[in-house]
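On a predicted model such as this, the values are computed, not experimentally measured, just so you know.
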Amino acid sequence: MALNVLVISKGHPFAHDAFIAMFEALEGVTMTLVEHPAAHAVLQPDAVARYDVVFFYDMSGIPGVGLTHDDADAEGNPPDGYRTAIEHLVQSGKGLMLVNHATVGWPNWPLWRQISGSSFMLRTGQLNGETVPGSGYRGAHGPLPNATIKVLPQGSHPVLEGLDDGFEITDELYLKTPGFEANVVPLLRGDYDFVVSNFSPPPLAPPDEQAAWDHPPGSNLLVWANACGRSPIVVSELGDSPLAYENPGYRRLLGNALRWLVSEEARQWAAQSG
């Protein structure tokens, strides 16, 4: 089955050619890359209907950091047209995939938090009625470099097909509170100590918060399945750079996820869970 994948980007730099090459290496997958703000039009119901999966690789809706590509207001809320397009998308049952920086986007938009399922926080704030610290960060854009880790499958799932022993990858990592795990299906965990000494403070937090930053031991869950509305969703924090794009295990993960997201099994699961 040929898959037609819509990729949404902008707001975060990435190695464009290597990213495209990753998709070109996936048999039976055709991708179309659209940036904000053009993405607002392509995500409208009539236009997005031709695509099988929407793959989000943008970083949007973050107040105070000069990201004006997404037409968000000063509080990071999406414009009405984009909000209603995403609302329709999740009710339509179309498969969605969020990768790396897309999981931290739109931090003040409750629907995007439901879609990602993540507990990533750009700074100290309220999450599900609790005050949680800003999430730690380890990656190429901060003082600590990407880490090389082994990722290990959790249970049996179509997204994990052929990844029985896991794989090693060098990639960006986040230190998040673990409460979100109760609401998602774990797929891949990282064999790594997710403790404050291995991470830098959240880079977009105020300087005083960075100086006093602390965080309890965090979740080692890096890839999970989620449901919102009627849409099945796969979320992968892995996928920051060519070190991931060119990794055979990561490519296998991506191909598996895209195929599962268009399956009747995934749609039925989401309809019952979302």
Original post:
Which heavy-atom pair separates Leu160 from Gly155 by the least distance, and what is that distance?
Top reply: CD1-O, 3.6 Å
Subject >> Pair Arg189 + Glu181, salt bridge at N-O below 4.0 Å >> reply: yes
Original post:
Which pair of heavy atoms, one from Phe199 and one from Gly136, lies closest together, and at what distance?
Top reply: CD2-C, 3.9 Å
Original post:
Would Glu246 and Arg251 pass as an ion pair if we require N to O under 4.0 Å?
Top reply: no
Original post:
With under 30° as parallel and over 60° as perpendicular, where do the rings of Tyr174 and Phe120 fit, or are they tilted in between?
Top reply: perpendicular
**OP:** Identify the heavy atoms of Ser116 and Leu98 that sit nearest to each other, and give their distance.
**Re:** CB-CD2, 3.8 Å
Original post:
Are the aromatic rings of Tyr82 and Trp106 close, with centres under 6.0 Å apart?
Top reply: yes
Original post:
Any side-chain donor-acceptor pair under 3.5 Å between Glu172 and Asn100?
Top reply: yes
Subject >> Closest non-hydrogen atom pair between Asp240 and Tyr57, with its separation >> reply: O-OH, 3.6 Å
Subject >> Cluster link Tyr192 to Phe167, ILVMFWY, side chain under 4.5 Å >> reply: yes
Original post:
Does a side chain donor of either His36 or Asp58 reach within less than 3.5 Å of an acceptor in the other side chain?
Top reply: yes
**OP:** Dump the intermediate steps for side chain to side chain donor-acceptor pair (under 3.5 Å) on Ser60 and His69, then the final yes or no.
**Re:** CA-CA 8 Å; Ser60 300; His69 62 276; 3.2 Å; yes
Subject >> Where Pro79 and His40 come nearest, the two heavy atoms and their spacing >> reply: CG-CE1, 3.8 Å
Original post:
Where do Ala47 and Val42 come nearest, in terms of heavy atoms and distance?
Top reply: CB-O, 3.4 Å
Subject >> side chain to side chain contact (heavy atoms under 4.5 Å, CB included) involving Glu75 - partner list, sequence neighbours excluded >> reply: Asp73, Asn77
Subject >> Results of side chain to side chain contact (heavy atoms under 4.5 Å, CB included) for Glu168 - residues two or more places apart only >> reply: Thr148
Subject >> Test applied, side chain to side chain contact (heavy atoms under 4.5 Å, CB included); reference residue, His215; option that passes from Val132, Val195, Thr177 >> reply: Thr177
Subject >> By ring-ring contact (aromatic ring centres under 6.0 Å, His included) - contacts of Tyr245 (at least two apart) >> reply: Phe19
